[in-house]
Amino acid sequence: MIFDFFDELNWLAIVVATIAWFAFSAIWYSVPPLSKAWQKASKVDMTAEGPPLASLFGPTLVGYFVTTIVIALIARGIGAIEVVDGVALGAALGVGFGVVSALVTQIYEQKGSSYWLLNGLNAVIAYIIVAVIVTLWV
């Protein structure tokens, strides 16, 4: 039954929502003051040489794309068609998965409350953006 929904998905909306998520997160994690707070909390040294950007961005885009498909499937499955539906769905998924995942990660990594708060808030906003796009672009 779930496979029936794949035929009904708007794949252009999924691509656009994935790119919107990537762009939002790129800004979130690279523009002060949030970027400075995240770098401090995560203990990431942006001046140190790291892996090539393609090795970071490729898997990130694939992960965002897969998650966007799932959000679109849920939106379609629950009959979400209005902005308020997308906001509610995105907020619920953002808190239920994004904030909780960030919290559990923080518990094990012990990077402090600002670490999970910044990552969790990013997830809530990003999920709302994605859910609104795939909900409205039926």
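The basis for the numbers below is simple: all heavy atoms, side chains too, and nothing from hydrogens, waters or symmetry mates.
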Completion exercise
The residue among I69, V130, L73 that forms side-chain contact (heavy atoms from CB on, under 4.5 Å) with I14 is I69
Exercise for the section: Not counting sequence neighbours, which residues clear salt bridge (charged side-chain N to carboxylate O under 4.0 Å, His left out) with E109? List them please. Expected result: K111
Indicate the atoms forming the closest heavy-atom contact of [X] with [Y], along with that distance.
X: L89; Y: I71; answer: CD2-O, 4.1 Å
X: G86; Y: V132; answer: C-CG2, 3.8 Å
X: A131; Y: T135; answer: O-OG1, 2.6 Å
X: A20; Y: I129; answer: CB-CG2, 4.0 Å
X: G90; Y: I128; answer: C-CG1, 3.6 Å
X: R76; Y: L9; answer: CB-CD2, 4.4 Å

According to a 4.5 Å side-chain heavy-atom criterion applied to Ile, Leu, Val, Met, Phe, Trp and Tyr, with indirect links allowed, do [X] and [Y] form part of one hydrophobic cluster?
X: I125; Y: L117; answer: no
X: F22; Y: V70; answer: yes
X: V134; Y: V66; answer: no
X: V100; Y: Y108; answer: yes

Does any N or O in the side chain of [X] come within less than 3.5 Å of the main-chain N or O of [Y], such that one atom is a donor and the other an acceptor?
X: N119; Y: A102; answer: no
X: W28; Y: L118; answer: yes
X: Q106; Y: Y115; answer: no

Exercise for the section: Evaluate the side-chain proximity of V15 to F65: yes if any heavy-atom separation is below 4.5 Å, no if none is. Expected result: yes
Practice task
Apply side chain to side chain contact (heavy atoms under 4.5 Å, CB included) to the pair W116 and V99, showing each step before the final yes or no.
Solution key: CA-CA 7 Å; W116 81 263; V99 171; 3.5 Å; yes
Practice task
Decide whether S25 and N122 meet the rule of one side-chain donor and one side-chain acceptor closer than 3.5 Å.
Solution key: yes
Completion exercise
Distance col, row L61:CG vs I19:CD1, nearest 0.5 angstrom, shows 7.5 Å
Problem - Point-to-point distance, once rounded to the nearest 0.5 Å, from CD1 of I133 to CG of L12 - result: 10.5 Å
Exercise for the section: Please lay out, stage by stage, how L93 and I74 fare under the test side chain to side chain contact (heavy atoms under 4.5 Å, CB included). Expected result: CA-CA 10 Å; L93 294 174; I74 294 169; 4.2 Å; yes
Handout entry: Within the 6.0 Å centroid threshold, strictly below: F97 and Y127
Key = no
Exercise for the section: Before giving the answer on side chain to side chain contact (heavy atoms under 4.5 Å, CB included), spell out for W21 and T68 the whole-Å C-alpha distance, their side-chain angles and the decisive distance to 0.1 Å. Expected result: CA-CA 9 Å; W21 182 357; T68 300; 3.6 Å; yes
